[in-house]
Amino acid sequence: MRKAYRGSPALRGLDLRVAHGEVFALLGPNGAGKTTAVEIMGGFLARDGGELSVLGRDPERPGPHWRRRVGVVPQQAGAFAELTVREAVAHVAGLYPRPAPVDGLLATVGLAEVAGRRIGRLSGGQRRRVDIALGVVGRPELLFLDEPTTGLDVVARREVWATVRTLTRESGTTVVLTSHSMAEVEELADRGAVIAEGRAIALGSIAELAAGRSSRCEIRFTGHRLLPPSGLPGDTEAELLADDRVRVRTTEPSGALRAVLDRAGELGIAEVPELRVSRPTLESGYLSLLAAPARTEEEARS
Ligand SMILES: Nc1ncnc2c1ncn2[C@@H]1O[C@H](COP(=O)(O)OP(=O)(O)OP(=O)(O)O)[C@@H](O)[C@H]1O
């Protein structure tokens, strides 16, 4: 996809493939082009170039039934302020041939108790749930969720995650999710792409994105004498920090840990002080990908 706004490029050849039934995350800094991509894929915005097939159709020439098969929860929604929750959801349900039962859906998204209240009187989190209910009431095969939990409290966020998981599990809905929350992406997504300056700089499973530019795990403990004199296995780097703390980064966490534990045994130390082993987080992988020099899409795909 290519798109420029008044000559200034927002998408410079964004290339994506989302598989049927998966939750695919679009990650990237502010202004990277995520919302522009969602608006184009959802059929709300014309692109300048590139080929696009969404559920087998070009969103600019969708044919009669395509729109009913695609649900969109935009970043800024909040329609129907004068209607009650149930009226709004029932109204939108009436536009679809096989809508979800309204009261069941309101229960699923946690709105049953405020079903009779006007949308304009709801809290921000409750309105966001209305947005989600409106996006899914037509039982779309494909759902675009643009930052679904921004502004929600921790409990509400988890409830929205549970709703999305229920939808994907029970109806096999394919979801394209944009989010700035790494926790959200780790919780919901199967695969994703990191977008920067209108291009995908990395594509893959969430574990692959978390590995980022270096797939090394981290082992931390206190006491440099626990480092075996013969060294550690694999592609490993040991760093001495303040207070005699040690940070080991390694591609072979089990082997490196075994070597440290063996050394502790030799020294008669039963418990390695402050021992912690961690895999790379999505946040660290994401940051390493963004810090990398601009890569071509071919490199990103491989
Ligand atoms: N309607 C518009 N008119 C002009 N420029 C726009 C318009 N919409 C977006 N842009 C520009 O296009 C670029 C991509 O914006 P977009 O909203 O797609 O990014 P995003 O990745 O969704 O960002 P965020 O994470 O902040 O939501 C930005 O430089 C933005 O300023």
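Order of appearance sets the numbers: ligands from 1, and atoms from 1 within every ligand. All values below come from the heavy atoms of this structure, side chains included, with hydrogens, waters and symmetry mates left out.
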Quick one: which ligand 1 atoms are inside 4.0 Å of a heavy atom on [X]?
| X | value |
| --- | --- |
| Ala32 | 19 (O), 20 (P), 21 (O) |
| Glu147 | 25 (O), 27 (O) |
| Thr35 | 17 (O), 18 (O), 20 (P), 22 (O), 27 (O) |

Non-hydrogen protein atom less than 4.0 angstrom from atom 31 (O) of ligand 1: no

(Q) Salt bridge check, Arg47 against Glu60: does any charged N sit closer than 4.0 Å to a carboxylate O? (A) yes

What protein heavy atom is closest to [atom], reported as residue, atom name and distance in Å?
| atom | answer |
| --- | --- |
| atom 21 (O) of ligand 1 | Lys34 NZ, 2.7 Å |
| atom 3 (N) of ligand 1 | Tyr5 CD2, 3.6 Å |
| atom 27 (O) of ligand 1 | Gln75 NE2, 3.4 Å |
| atom 19 (O) of ligand 1 | Gly33 N, 3.2 Å |

Can a donor-acceptor pair be found, under 3.5 Å and without considering hydrogens, that links the side chain of [X] to the backbone of [Y]?
| X | Y | value |
| --- | --- | --- |
| Arg67 | Gly42 | yes |
| Glu187 | Trp161 | no |
| Thr149 | Arg157 | no |

*Where do Val114 and Thr84 land on the side chain to side chain contact (heavy atoms under 4.5 Å, CB included) test, with the steps shown first?*
CA-CA 9 Å; Val114 293; Thr84 68; over 6 Å; no

Among [options], which one has a heavy atom closest to [atom]?
| atom | options | value |
| --- | --- | --- |
| atom 24 (P) of ligand 1 | Val38, Asn30, Asp146 | Asn30 |
| atom 18 (O) of ligand 1 | Thr36, Thr178, Thr150, Ile40 | Thr36 |
| atom 14 (C) of ligand 1 | Gly28, Pro29, Gly31 | Gly31 |

Any chance CD of Glu274 has more than 12 other-residue heavy atoms, nucleotides or ligands included, within less than 6.0 Å?
no

Would you say the side chains of Ser171 and Thr173 form a donor-acceptor pair under 3.5 Å?
-> yes

ring-ring contact (aromatic ring centres under 6.0 Å, His included) pairs touching residues 166-214, sequence neighbours excluded, are none

Here the ring-ring contact (aromatic ring centres under 6.0 Å, His included) pairs for residues 83-108, sequence neighbours left out, are Phe80-His91

Quick look: Ser8 vs ligand 1, heavy-atom contacts under 4.0 Å, and the answer is neither

Please check whether Ala10 reaches ligand 1 - meaning an N/O of the residue sits under 3.5 Å from an N/O of the ligand, judged on distance alone. no

